[in-house]
Trainee: 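Take a look at the following structure, please.
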Amino acid sequence: MVHIRVINPNTARAMTESIGHCARAVAEPSTVVTAVNPSMGPESIESHYDEALAVPGLLAEIAAGEAAGADGYVIACFGDPGLDAARELASGPVVGIAEAAMHAATLLGRDFSVVTTLARTTGRTRDLAARYGFADACRGVHACDIPVLELDDPSSNARKVVADLCASAVDRDGCDSIVLGCAGMASFCADISRRVGVPVIDGVAVATKLVESLVSLGLRTSTRGEFARPGPKKYAGLLRDFSV
Ligand code: 2AL
């Protein structure tokens, strides 16, 4: 039995439930998916400031997962916050939804475009595409200008706005696939796929299957050098509980 801890690094409980539902929908029946969010940190992550302050809560959830015997982790936010640090703490594999989705996209075609939330998050998406080696494959990054926490608000009409933007991105960019640029869009994936005529990739689903596969294969993060567990050190003040 594989136990995957899917961490929504923001504190919005309803969003965590929706992410958990999408992860469970693709996991094997024998896989246990626990969807959690930190008790401290921003309610949504849509700036560099939010992202930086989401990381301590995320790492606390990795530590809690280690204590609970989790086999692997998904970081369910499209900025892949704290990914490297999480890999240093976790004994099992850790996969971010942006890296998962971008890797999947480049297995399915030459290039992809990303449809995300606010325009201010597009720089982070470009940075991640470059970091993962997909700067050329990323044809466009398009913002729907709907804040993360309004994606599930019926009055925002988000599903249609995002679907329209995906369709126009395919027309404008001529991309082979679309990557959904927010964990809060995971539940839109099937509807939008039916509409746009190219693969539409939700990183929550792909990251869940990747972690499940890596664990099944007995593969985990290398502990040889860079990703070894951090050495013992005191942390002061608000971070004193983070001393390793
Ligand atoms: C996200 C996401 O996936 N979760 C969150 O709080 N912010 N991403 C985004 N582009 O806004």
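Just so you know, ligand 1 is whichever comes first in the structure, and atom 1 is the first atom listed for that ligand. Note that these values count all heavy atoms, side chains included, but never hydrogens, waters or copies made by symmetry.
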Trainee: Tell me the closest heavy-atom pair linking Ser177 and Val198, and the distance in Å.
Mentor: CA-CG2, 3.9 Å

Trainee: Quick one: nearest non-hydrogen protein atom to atom 11 (O) of ligand 1, plus distance?
Mentor: Thr117 OG1, 2.7 Å

Trainee: Salt bridge check, Glu66 against Arg5: does any charged N sit closer than 4.0 Å to a carboxylate O?
Mentor: no

Trainee: Any side-chain heavy-atom pair from Val6 and Ile19 closer than 4.5 angstrom?
Mentor: yes

Trainee: Short list, please: which atoms of ligand 1 are under 4.0 Å from a heavy atom of Gly181?
Mentor: 8 (N), 9 (C), 10 (N)

Trainee: Can Asp164 and Arg159 be counted as an ion pair, charged N to O under 4.0 angstrom?
Mentor: no

Trainee: Work out whether the distance between some heavy atom of Gly79 and some atom of ligand 1 is less than 4.0 Å.
Mentor: no

Trainee: Using a 4.0 Å heavy-atom cut-off, say whether Met15 meets ligand 1 through its side chain, its backbone, both or neither.
Mentor: side chain

Trainee: With Cys189 as reference, evaluate Val204, Val200, Ile201 under the side chain to side chain contact (heavy atoms under 4.5 Å, CB included) test and give the passing residue.
Mentor: Val200

Trainee: Do Asn10 and ligand 1 have an N or O pair less than 3.5 Å apart?
Mentor: yes

Trainee: In the protein, what heavy atom is nearest to atom 5 (C) of ligand 1, and what distance, to one decimal place, separates them?
Mentor: Ile45 O, 3.5 Å

Trainee: Crowded around Arg120 CZ? As in, over 12 foreign heavy atoms under 6.0 Å?
Mentor: no

Trainee: Heavy-atom contacts under 4.0 Å between Thr116 and ligand 1: side chain, backbone, both, or neither?
Mentor: side chain

Trainee: Using heavy atoms and a 4.0 Å limit, tell me yes or no: is Gly184 in contact with ligand 1?
Mentor: no

Trainee: What is the nearest protein non-hydrogen atom to atom 3 (O) of ligand 1, stated with its residue, atom name and distance?
Mentor: Ala183 N, 2.8 Å

